[in-house]
Protein chains: 2
Amino acid sequence: MNSVPPNPNSNSTAASTGGVAGASAGAAAAPSPTFSPLYQQIKALITQSLQSGEWKPGELIPSEVELANRFKVSQGTVRKAIDELAAENLVMRKQGKGTFVSTHHEARAHFRFLRLMPDEGVPHYPESKFIEVKRMRAPADVARLLDLKSGDAVIFIKRVQSFDGVPTIVEELWLPGVTFKGLTAERLVEYKGPMYGLFESEFGTRMIRATEKIRAVCAGAEDAQLLHIPADTPLLASERVSFTYGDKAVELRRGLYSTERHHYHNELN
Amino acid sequence: MNSVPPNPNSNSTAASTGGVAGASAGAAAAPSPTFSPLYQQIKALITQSLQSGEWKPGELIPSEVELANRFKVSQGTVRKAIDELAAENLVMRKQGKGTFVSTHHEARAHFRFLRLMPDEGVPHYPESKFIEVKRMRAPADVARLLDLKSGDAVIFIKRVQSFDGVPTIVEELWLPGVTFKGLTAERLVEYKGPMYGLFESEFGTRMIRATEKIRAVCAGAEDAQLLHIPADTPLLASERVSFTYGDKAVELRRGLYSTERHHYHNELN
DNA sequence: GAGTGGTCTAGACCACTCC
DNA sequence: GAGTGGTCTAGACCACTCC
């Protein structure tokens with residue numbers, strides 16, 4: 001419980017002394033060129049526990065004092081580690097209650113990755129209609145973006161999402177077959193709520209960040225039909241790659257967004 | 001030098017005791033419903049100095065130790081205040097050198113607000129060609145977004161931006177006439193570098209954040225001509241409102257982006 | 001060597017939650 | 001009242017920059 005687990009950095013004073021980690025305790029050590037502060041090492045250890053599922057999404061993690069005892073560092077050092085994890089949305093702090101593992105089963109998480117907002121009214125989550133779910137071999141471009149080999153097994157999903165009954169998004173997804181083994185159309189259809197919640201609960205894969213590229217395109221005949229709009233209507237085309245722990249790409253999503261009554265919202269800081 | 005300036009919060013222990021601010025020094029004070037921690041008050045004071053121009057963009061601000069002495073708080077409290085200012089890109093810390101006021105005259109600042117990236121090659125800043133610069137009365141929609149009254153004086157700018165000689169962006173800007181009094185076409189044309197650098201240096205107005213709404217549209221005849229593309233080509237339409245200190249809206253910018261060889265890039269965290 | 005921000009500790013007390 | 005995260009202090013030492 002209070003031993004320091006395998007440590008990614010070799011210059012950990014906590015690990016090397018195995019005890020109270022005065023910053024100067026191991027002062028003889030060379031000012032290593034790969035210096036990594038103690039709180040970064042603690043952060044990595046906590047991240048490992050998150051990734052391994054020691055603490056599951058939605059659960060309370062040990063208190064700062066408890067973690068400080070476990071890792072033999074001060075509470076301040078644990079705080080600084082957790083500060084960064086909270087800034088990255090991996091955990092959520094609640095004063096008086098504790099620190100919780102973030103989860104996609106939660107209202108506030110639903111719009112972290114979906115930035116399409118209604119022009120009028122409050123945002124709400126769309127309903128999904130699945131058009132196609134199948135296993136296939138990864139085309140070259142998909143394989144490249146998901147860090148797979150061309151021809152590796154992937155799961156392909158096509159769906160339409162509607163707000164208030166108005167079809168607004170046509171989306172194609174590719175998922176690595178190995179990671180999402182056992183994902184079926186039935187499971188997708190019966191599951192209510194955001195897909196990332198399903199991935200998190202049933203496949204132990206939590207999306208933690210994504211990159212997105214956006215263009216303008218004209219609707220093709222098939223997509224226009226699915227969205228109930230004239231062909232050649234301009235649409236936003238988003239290509240999004242989502243990553244889980246360790247910067248591993250685990251989803252490619254290509255979406256077409258109708259911006260008749262919605263817009264893509266962004267904050268620039 | 002070491003007196004505490006007017007304070008936005010009434011429960012400042014630093015202000016009320018006028019001296020060493022032990023968190024418990026004024027312990028008799030009610031657990032006020034508008035509690036604001038000391039570091040937030042210090043942050044507000046530093047922000048005031050930034051806004052007033054006491055420290056100008058690009059300049060070094062006083063060291064943490066000096067600020068701690070000035071405000072009669074510990075260095076740790078100043079650090080926490082500056083941490084947040086750095087996270088908001090208002091200042092930049094450089095270890096061993098000090099903390100500098102952020103400026104738009106700087107490579108890294110150029111792409112904070114312009115998210116259009118080339119599909120191939122490294123990002124670089126576009127050249128501008130000004131189509132029109134005039135003073136006018138604010139239309140209702142512009143007035144609303146800039147927090148002006150309909151008919152108030154605004155400066156209108158229309159320009160085309162090109163990457164490697166390829167026209168890619170058509171942009172219309174509206175600026176409050178009062179804030180940007182004296183801005184002329186000549187000054188814009190002769191100024192090399194990003195417009196926000198000019199605004200910062202010549203008008204004392206620094207853009208610190210923006211909100212953006214993006215849609216897909218079809219190019220009209222006039223815009224198609226400016227961008228050397230066929231009419232009805234799909235384009236990204238961005239509407240951006242930029243804010244300076246105090247969340248004051250000081251620019252409305254409507255841009256049309258060709259996404260033939262570029263894409264809008266976003267990171268979702 | 002002097003000055004800067006960066007890390008780390010130990011200890012005190014606060015606001016908030018739950019009982 | 002006990003437990004949690006949140007704030008604040010004072011002091012030590014570190015990495016880095018500039019001279």
Side-chain angles (χ1 to χ4, degrees), chain A residues 9 11-17 19-43 59-69 71-87 91-100, chain B residues 9 11-14 17 19-43 59-69 71-87 91-100:
Chain A
N9 289 286
N11 63 339
S12 161
T13 51
S16 59
T17 63
V20 177
S24 59
S32 83
T34 55
F35 168 73
S36 161
L38 191 47
Y39 77 89
Q40 286 288 357
Q41 304 171 35
I42 301 302
K43 182 185 171 190
E59 287 181 6
L60 192 62
I61 75 170
S63 75
E64 294 177 354
V65 173
E66 198 176 328
L67 290 171
N69 290 336
F71 297 132
K72 300 294 174 212
V73 300
S74 76
Q75 187 188 353
T77 298
V78 170
R79 272 195 72 73
K80 190 148 186 180
I82 293 180
D83 277 347
E84 291 205 352
L85 293 170
V91 299
M92 280 184 32
R93 327 183 79 143
K94 296 187 185 171
Q95 191 179 4
K97 299 172 107 172
T99 300
F100 296 80
Chain B
N9 290 287
N11 62 340
S12 161
T13 50
T17 64
V20 176
S24 59
S32 82
T34 55
F35 170 73
S36 160
L38 191 47
Y39 77 88
Q40 286 288 357
Q41 303 171 35
I42 301 302
K43 182 184 171 191
E59 286 181 7
L60 191 62
I61 75 169
S63 75
E64 295 177 354
V65 172
E66 198 176 329
L67 290 171
N69 290 336
F71 297 130
K72 299 296 173 209
V73 300
S74 77
Q75 186 187 352
T77 299
V78 170
R79 272 195 73 72
K80 189 147 186 180
I82 294 180
D83 277 347
E84 291 204 352
L85 293 170
V91 299
M92 280 184 31
R93 327 182 79 143
K94 297 189 185 168
Q95 191 179 4
K97 298 173 106 171
T99 300
F100 297 79

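FYI, side chains are in, hydrogens and waters are out, and symmetry mates aren't considered; it's all heavy atoms of this structure. Order of the sequence lines sets the chain letters (A, B, ...), proteins ahead of strands, with each chain counted from 1.
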Salt bridge (Lys or Arg N to Asp or Glu O under 4.0 Å) involving A/Glu59 - partner list, sequence neighbours excluded: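 Residues passing salt bridge (Lys or Arg N to Asp or Glu O under 4.0 Å) with A/Glu59: none at all.
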
From [X] [atom1] over to [Y] [atom2], what is the distance, rounded to the nearest 0.5 angstrom?
X: B/Glu66; Y: B/Ile61; atom1: CD; atom2: CD1; value: 10.0 Å
X: B/Ile42; Y: B/Leu67; atom1: CD1; atom2: CG; value: 9.0 Å
X: B/Ser63; Y: B/Asn69; atom1: OG; atom2: CG; value: 8.0 Å
X: A/Leu85; Y: A/Thr99; atom1: CG; atom2: OG1; value: 9.5 Å

Within this structure, what is the [atom1]-to-[atom2] distance between [X] and [N], rounded to whole angstrom?
X: A/Phe35; N: C/dT7; atom1: CZ; atom2: P; result: 7 Å
X: B/Lys72; N: D/dA10; atom1: NZ; atom2: C1'; result: 15 Å
X: A/Leu60; N: D/dG5; atom1: CG; atom2: P; result: 7 Å
X: B/Tyr39; N: D/dC8; atom1: OH; atom2: P; result: 7 Å
X: A/Gln75; N: C/dC13; atom1: CD; atom2: C1'; result: 12 Å
X: B/Leu38; N: C/dA12; atom1: CG; atom2: C1'; result: 15 Å
X: B/Gln40; N: D/dT7; atom1: CD; atom2: C1'; result: 11 Å
X: B/Lys80; N: C/dT7; atom1: NZ; atom2: P; result: 15 Å

First encountered from the 5' end of DNA chain C, between A/Thr77 and B/Ile82: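 Its nearest nucleotide being more 5', the pick is B/Ile82.
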
Contacts of type side chain to side chain contact (heavy atoms under 4.5 Å, CB included), residue A/Ala86, not counting sequence neighbours: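 Testing A/Ala86 for side chain to side chain contact (heavy atoms under 4.5 Å, CB included), a comparison that skips the adjacent residues, returns A/Val91, A/Arg93.
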
A/Tyr39: partners by side chain to side chain contact (heavy atoms under 4.5 Å, CB included), with sequence neighbours left out: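 Residues passing side chain to side chain contact (heavy atoms under 4.5 Å, CB included) with A/Tyr39: A/Pro37, A/Thr77, A/Lys80, A/Glu84.
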
Provide a list of protein-nucleic acid N or O atom pairs under 3.5 angstrom, restricted to nucleotides 2-4 of chain C.
| residue | atom | partner | partner atom | Å |
| --- | --- | --- | --- | --- |
| C/dG3 | N2 | B/Gly96 | O | 3.0 |
| C/dT4 | O2 | B/Gly96 | N | 3.2 |

side-chain N/O B/Arg93 vs C/dG6 OP1/OP2, d < 4.0 Å: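 Indeed, a polar side-chain atom of B/Arg93 lies that close.
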
Side-chain N or O of A/Arg79 closer than 4.0 Å to phosphate OP1/OP2 of D/dG5: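 Checking D/dG5 against A/Arg79, no side-chain N or O comes under 4.0 Å of OP1 or OP2.
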
For the student: nearest non-hydrogen atoms of B/Leu60 and B/Lys97, plus distance: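 Taking B/Leu60 first and B/Lys97 second, the nearest heavy atoms are CD1-O, 3.8 Å.
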
Which nucleotides of DNA chain D pair, in dot-bracket form (Watson-Crick or G-U under 3.5 Å, | meaning another strand): ||||||||||||||||||.

